[in-house]
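Working notes, beginning with the structure itself.
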Amino acid sequence: MTQARDFGFGEEQQMLKEASLRFMQDKQPLAHLRKHTAGTEDPYLGQARPGVYDAEAWAEMVQLGWTALAVPESAGGAGTNLVTAVGVMEEVGRAAMPTPLSSTLLATFVLRHAQAPAAQAALARIAQGSSAAIAIYNQYGELELDATEVTVSDGRLSGTSYFVQDLQKVDFLVVAAKQDNELGLYTVDVQADGVSCHADRIVDLTRDQGRVTFDAAAVECVAEPGQGGEALQQSLPALLTLVAADIAGGCEWLLQATADYAKVRVQFDRPIGFFQAVKHPIVNMMIAVDETRSLVYNAAGAYDTDPEDALRCAHLAKSSASDTAEFCANRATQLHGGIGFTWEMDVQVYHKRQMHSQQLFGDGVWQRQQLAELI
Amino acid sequence: MGRVSGVNCPVETDNKRWNEPMSQSQTPAHARKESAEQAEFRAYCRAWLEENRPPPTHLPLPQAAYEVTADEHRHYLVDWQARCYEAGLIATDVDKAYGGHGHEGFQQIASAEVRRAEVPYFINWIGLGMTAPTLLVHGTEEQKQTYLPAIFSAEDIWCQGFSEPGAGSDLVSLQTSAVKQGDSWLINGSKVWTSLGALAKWMLLLARNDKNDKYNGITYFICPMDQPGVTVNPIHKMTGESGFNEVVLEDVLIPDHMRIDEVGAGWKVAMSTLTSERGAAQGVGAVASSESPMSTIMQLIDLAKHTRRNGKPVWDDPVWRDRIMKLYERTEAMTQNFRRLGVSTLENGGMRIPLQSKLVGSEIGQAVHQTAMSILGMSSSLYVGDDNAVEDGKWPLGYMNTYTGTISGGSSEIQRNILGERVLGLPKTK
């Protein structure tokens, strides 16, 4: 199959993207975040930082149908494609919004490739407003999709999943676990018996992350042992592309914020944007963002209509996005000067979100290692 | 062309595959959905190019149209462009009144197929890429009818007289003077870096009619190169090639009907011409280089796979491979940027993407060649004509020629000023 020339991004996608932008402007997620994290700045004083998010805004997002967006119609969702979800994720990234939507979208795409009957039920829960996250990594954060050290026996999970995103915000988990060394996927409620969660102390203020220990927790199987790896592999292009879209939105914000600052900050009697040592790196930020954004839409279009090329396109998108995340965050902080280095400026919030996103599912070097094997 | 022996040289390069056509990997991964008519036209272009691909020249062609000087190359390339024009691959969407083929939405297809086929470039790239778009927007009816057909057929080669010894990146400070004398203009001054100057019949000329008005004191002319007072002196580039020239203009008379647009409007018109030069020159089918960027990357990968170091292919070294894959990623991004430009809801508006394309394309091209030089190691010292040179020295030659891209048509530094100022609204540097 060939991709549509317009990436599949039509009027409907544009309307939803614009609605997301307006929603974010209305909700002001950073103001909410600031209010609820005040006093937790100092890492040495030991205050736990809660997984802050705007629960009212989340309820509205559910009402608006955003959780049901990517759920197939057969499970009560809207059945839209990845390009549609990417448009929304870009706006989530631009707003640096702490929201379970990010993880829930990722979990949705994994469940779409899970073949056991319970997967449909899990998708239906998401369509009705439950939130979910995937739990697939071991304590070393190894990126291989079968890296989990959680095991399953008689329908009960044991072991620990690490680096689970949005753990404090979500209702249930999609867990990768092995039965006799065969990888399967299982759903379990965060509140269920035998599930204990521990929040990591992380750099990024806009996300939360944690580890989950299972002690004979009863689970539903959504992908049978031996079929979990394939489900993860098939959904991987969507996971990479969604994270890359978040970066594209966040880096556009960093670009515009830095350009705006360079127009008003005066030194040596001129706005600093006059000086080419400032002007040119800002242009380089723009070049990086545009490359990433184009590769993100290409990857989404490939996932939707050209599955054979989807993984290559997704590695390209995340390769570009990871490097753009580092580059734009780095330049934005540097070019804001002393103020850019402070807690007070939102630049740091975006900087740290990019640091986190850069590593999610592998940085640029990792993506390019995988890519080289594909061509 | 030859094989590098591995005896006293750390590199071993296998040249065999250079002579084979590139694999399908260079085909855009995502052909576009198009109408039946467009698909039919694409199939026609592809078949025509396949059947009419010209045999190689006796002397290898220079890498791009800028460097053509030899008569053999000139005749060969003029003939090739004329045939492509007759076949409908050039001026495809231009009005029939001006010698075009009168289609709509076909040029992009024709140009894409020309690039895909990797046939020789079109020698009249300045005529196609700059004169034609300029005349179509700013020319009189008479000028369009007079000059355009001979541009498309390559009967008349064009060159561009913008830069001067004292006006390069700061183009607006140009000093060549134009003084009105009756129905003509008297031109005095000198131009530099004039590609194809020795072959051209006409020059796009910027000259100053008013010394007291920097921006509104410049007028745009068509200058006949066979006029008395026009002297063309070749300039040799660092590669040894001499495609470009110094052009001295001494009391050259240009009739007023060869002025383009209003007196004093030259700067405005030039900015429109440079916009064509900076990436959007596909309007009438200009293709100035035979190789697509992605095909160059695939050749680079091939080079890495067939060059050995430390007893294994360079491709197996993770450091080199990362560097190559980053270039592959950025090259694909250029393609996808261009595609996004066609989607109004995703293009960011204005000139944001088009103004990046020359800057980014030329810098990536340079990085690709720098990487090739690193892979070649000692072999990168072997130049055109050496019987042991890999692919007859194309990588070192190409490397040096990448500076054409990063300097001409506004250096990368000026491009970044333009992007910062026009797109991001940063304060002007001047």
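The figures here come from the full heavy-atom set of this structure, side chains too, leaving out hydrogens, waters and symmetry mates.
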Notebook entry, point to check: How are the rings of Phe109(A) and Tyr303(A) set to each other: parallel, tilted or perpendicular (split at 30° and 60°)?
Noted result: perpendicular

Check: When the ring planes of Phe275(A) and Phe268(A) are compared, do they come out parallel, tilted or perpendicular, using 30° and 60° as the limits?
Finding: perpendicular

Quick one: what part of [X] sits under 4.5 Å from any heavy atom of chain A, side chain, backbone, both or neither?
X         : answer
Leu359(B) : side chain
Arg321(B) : side chain
Ile301(B) : side chain

Does one side chain, of [X] or [Y], offer a donor that lies under 3.5 Å from an acceptor on the other?
X         : Y         : answer
Arg331(A) : Gln334(A) : no
Glu90(A)  : Tyr297(A) : yes
Arg323(B) : Thr371(B) : yes
Ser294(A) : Asn337(B) : yes

Item checked: Contact class of Glu18(A) relative to chain B, heavy atoms under 4.5 angstrom -> neither

Notebook entry, point to check: Under a 4.5 Å heavy-atom cut-off, does chain B meet the side chain of Ile272(A), its backbone, both or neither?
Noted result: neither

Note to self: If you apply the rule ring pair (Phe, Tyr, Trp, His ring centres under 6.0 Å), what do you find for Trp366(A) with Phe361(A), and how did you get there?
What the structure shows: CA-CA 9 Å; Trp366(A) 167 264; Phe361(A) 305 109; over 10 Å; no

Would you mind telling me which of [options] has the largest number of heavy-atom pairs within less than 4.5 Å of chain A?
options                         : answer
Leu419(B), Val423(B), Ile324(B) : Leu419(B)
Gly425(B), Pro318(B), Gly342(B) : Gly425(B)
Met325(B), Arg416(B), Met334(B) : Arg416(B)

Among [options], which residue forms the greatest number of heavy-atom pairs with chain B at distances under 4.5 Å?
options                                    : answer
Ile287(A), Leu371(A), Asp6(A)              : Ile287(A)
Gln13(A), Gln256(A), His280(A), Gln367(A)  : His280(A)
Gly301(A), Ser320(A), Gly87(A)             : Ser320(A)
Ala259(A), Pro271(A), Ala262(A), Ser319(A) : Ser319(A)

Notebook entry, point to check: Tyr350(A) ring centre to Arg353(A) NZ or CZ under 6.0 Å, with the angle to the axis within 45°?
Noted result: no

